Structures are given as C-alpha cells and as structure tokens.
Amino acid sequence: MPTESSPVLSYPFDAVAQITLSNPPVNALTRPATRRLHAVLRELARDATIRAVVLTGERVFSAGSDISEMPDMQNDGDVLARKSTFENATLDLLAALPLPTVAAIDGFALGGGLEMALCCDLVVADAGARLGLPEIDLGVIPSSGGSMRALRRVGQARAAELVLLGEPITAETALEWGLINRVAPHGASLPVALDLAQTLARKSRSAVHANKRALELAFGPSPYEPAQRALPVFEEAFGSTHGREGVRAFLAKESPRFR
C-alpha cells in the first residue's frame, strides 16, 4: 500500500510543479493515494507561485484502481461511500485546477489511470505507451468520468470503441484520434511534458484560467455532473454477479466467465 507521501510533489523548475505517482509496480490509485492527490491539488490551487503542473508516474503512469481493494466493497453503497464518490471529486479537482496541466504517460495509462490523464489539459505519451478503458472486462464501467471525458475528446464512435471493446490503443492511434496531444520519443514523455509546462508557465496565469473556463463552457456542463449521474450505474454493475465475477477473475489471474 502507498504511504501518505504518494504521490510525490516536487518543483523541477521555477513556477512548475510535478506530481509523481509512486506506488510500484503499477501506480494504482488506491484510497490512500487518492487522499494524498486530493491534498496536493488543493495545495497547488492555493499556491500563487505555481503556473503549470505536470502529472507523471514512476516508471509507468498508472493502471488505475487497485482491484485488491474491491472485493470487500461490493455490498450495496460501499463502493460509493468508501471509494468512488471521493475519487470522482478528486479527479474533478484536477480538471478544475486554475493552472495548465500536462500529463506525461510512460508505459500505460489504463482505467482510472487514463481517466486521470484525461483530466489534464494536455497529454503527452511515450511512443511505446498503451492507453485504454478496460473496465468492461471486469464487468463494470469507468467510474470516474472516463467515458464522458473520452467522448469529449474523440467523439461518440471512438469513445464507444474504448469503453465497449476495452482494448488498449497505441500512442500513435491515440494521437490520430485526438485523445492525446503529443507522442514523445521512447523515454522522453516527461522531458517533453516539462518543456510544455515551462512554455505554459510563461503565460498569464489569469489568462490561462480564463481560457480553460472558456473551453469548458464551449461543451456545456462539466463532465463532473454526468459522472455523478453515472455513479449509480457503476454501483449497480460493480455489485452485480458479473461485476463480482470480473473482480474475482482478475485477482485469480483467470479469464472471467460471464454467464
């Protein structure tokens, strides 16, 4: 389990903050990690000296939720009260940060990991990265607004491929679809993201915030509200027979038997 120091906050350049997910081996977004991320984001929102934020992972970006936390949360109401409601609020805090944010993806961003990356304004992925929303193979749906954020970026047809097929796509495909902004050479996603962050840090902080708000208004309501409406759908799927089988099979390293 990660300690309350994960993720780690650092300051690689003047006016640039770096949040590093550090929970080996796959940087799972556990409940302690979510609490720490929430605290870090609140700290950065209050810090007038910071003008850009980079979100990255240690060795890989993130495989999303820690499935080992899930079996004891499949009773009615447990998953919302103990995990999903606060996780949704934390990712919405990231999306609403009044600072420009850049995600740097190495290895993979899956499930909640991709949901987290899509909360950032710009996304850079390593040439060998894989991105996906594989929740359907657990018998559930993306629980933190991933369907809505993907839909905004790539449209109905391609979002349907992500959530219904559940198959990870390459960085090149993600760029072609408009899911991400840049493909970096192998091993260079973080340097490219930091370079973008330095460029953004030289912009007017108030103008950046205003432009972020204007972009959000162009789409109507924030994805947070639809994501909140989707939580009961997630809870129903999560506690269903198929949801229980998907979690069991994942932890047992077996193929699920959806009957």
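All values reported here derive from a predicted model rather than from experimental measurement.
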Should we say atom CZ of Arg182 is surrounded by more than 12 heavy atoms from elsewhere, each under 6.0 Å from it?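 Atom CZ in Arg182 is not crowded, with 12 or fewer foreign heavy atoms closer than 6.0 Å.
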
Keeping [X] on the side-chain end and [Y] on the backbone end, is there a donor-acceptor pair under 3.5 Å?
| X | Y | answer |
| --- | --- | --- |
| His209 | Ser204 | no |
| Asn27 | Gly57 | no |
| Arg130 | Pro168 | no |
| Thr34 | Thr30 | yes |
| Asp47 | Glu43 | no |

Does [X] share a hydrophobic cluster with [Y], counting links as ILVMFWY side-chain heavy atoms below 4.5 Å and allowing steps through other members?
| X | Y | result |
| --- | --- | --- |
| Val192 | Leu175 | no |
| Ile105 | Leu196 | no |
| Leu179 | Leu151 | no |
| Val40 | Leu21 | yes |
| Val54 | Phe13 | yes |

Is there side-chain contact between [X] and [Y], with at least one heavy-atom pair below 4.5 Å?
| X | Y | result |
| --- | --- | --- |
| Met148 | Pro142 | no |
| Leu99 | Ile50 | yes |
| Val124 | Val183 | no |
| Leu122 | Pro100 | no |
| Arg153 | Trp177 | no |
| Ile141 | Glu135 | no |
| Met116 | Leu94 | yes |
| Leu131 | Phe108 | no |

Among Thr56, Asp126, Asp106, whose side-chain hydrogen bond (donor to acceptor under 3.5 Å, both in side chains) with Ser189 holds? Asp106

Only counting residues at least two apart or in another chain, list the ones meeting salt bridge (charged side-chain N to carboxylate O under 4.0 Å, His left out) with Asp195. none

Over all atoms of both residues, closest heavy-atom pair of [X] and [Y]:
| X | Y | result |
| --- | --- | --- |
| Leu133 | Ala150 | CD1-CB, 4.4 Å |
| Cys119 | Thr101 | O-OG1, 4.2 Å |
| Leu55 | Cys120 | CD2-SG, 4.0 Å |
| Ser144 | Leu91 | CB-CD1, 3.6 Å |
| Leu97 | Leu41 | CD1-O, 3.6 Å |
| Ile180 | Ala125 | CD1-CB, 3.7 Å |

If you measure from CG on Leu118 to CD on Glu115, what distance do you get to the nearest 0.5 Å? 8.0 Å

Let me confirm one number: the CZ-CD distance from Arg31 to Glu87, rounded to the nearest 0.5 Å.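 Nearest 0.5 Å value for the CZ-CD distance: 11.0 Å.
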
I'd like to know whether Leu37 forms a side chain to side chain contact (heavy atoms under 4.5 Å, CB included) with Ile19, so could you lay out the CA-CA distance, the side-chain angles of the two residues, the decisive distance to 0.1 Å, and finally the verdict. CA-CA 8 Å; Leu37 178 60; Ile19 303 171; 4.1 Å; yes

Under the side chain to side chain contact (heavy atoms under 4.5 Å, CB included) criterion, do Leu9 and Leu44 qualify, and how do the steps go? CA-CA 10 Å; Leu9 181 60; Leu44 291 176; 4.1 Å; yes

Can you check side chain to side chain contact (heavy atoms under 4.5 Å, CB included) on Asp121 and Val102, steps first, answer last? CA-CA 6 Å; Asp121 301 305; Val102 187; over 6 Å; no

Show your working on side chain to side chain contact (heavy atoms under 4.5 Å, CB included) between Arg46 and Arg42 and close with a plain yes or no. CA-CA 7 Å; Arg46 294 190 299 265; Arg42 289 177 62 87; 3.8 Å; yes

Go through the side-chain N and O atoms of Gln18 and Thr20 and say whether any donor and acceptor fall under 3.5 Å apart.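 The answer is yes; a qualifying pair exists.
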
Presence of salt bridge, Arg152 and Glu216, under 4.0 angstrom: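 Here Glu216 pairs with Arg152 in a salt bridge, since their nearest N and O are under 4.0 Å apart.
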
Set of residues satisfying side chain to side chain donor-acceptor pair (under 3.5 Å) with respect to Glu58, sequence neighbours excluded: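 Applying side chain to side chain donor-acceptor pair (under 3.5 Å) to Glu58 gives Ser22.
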
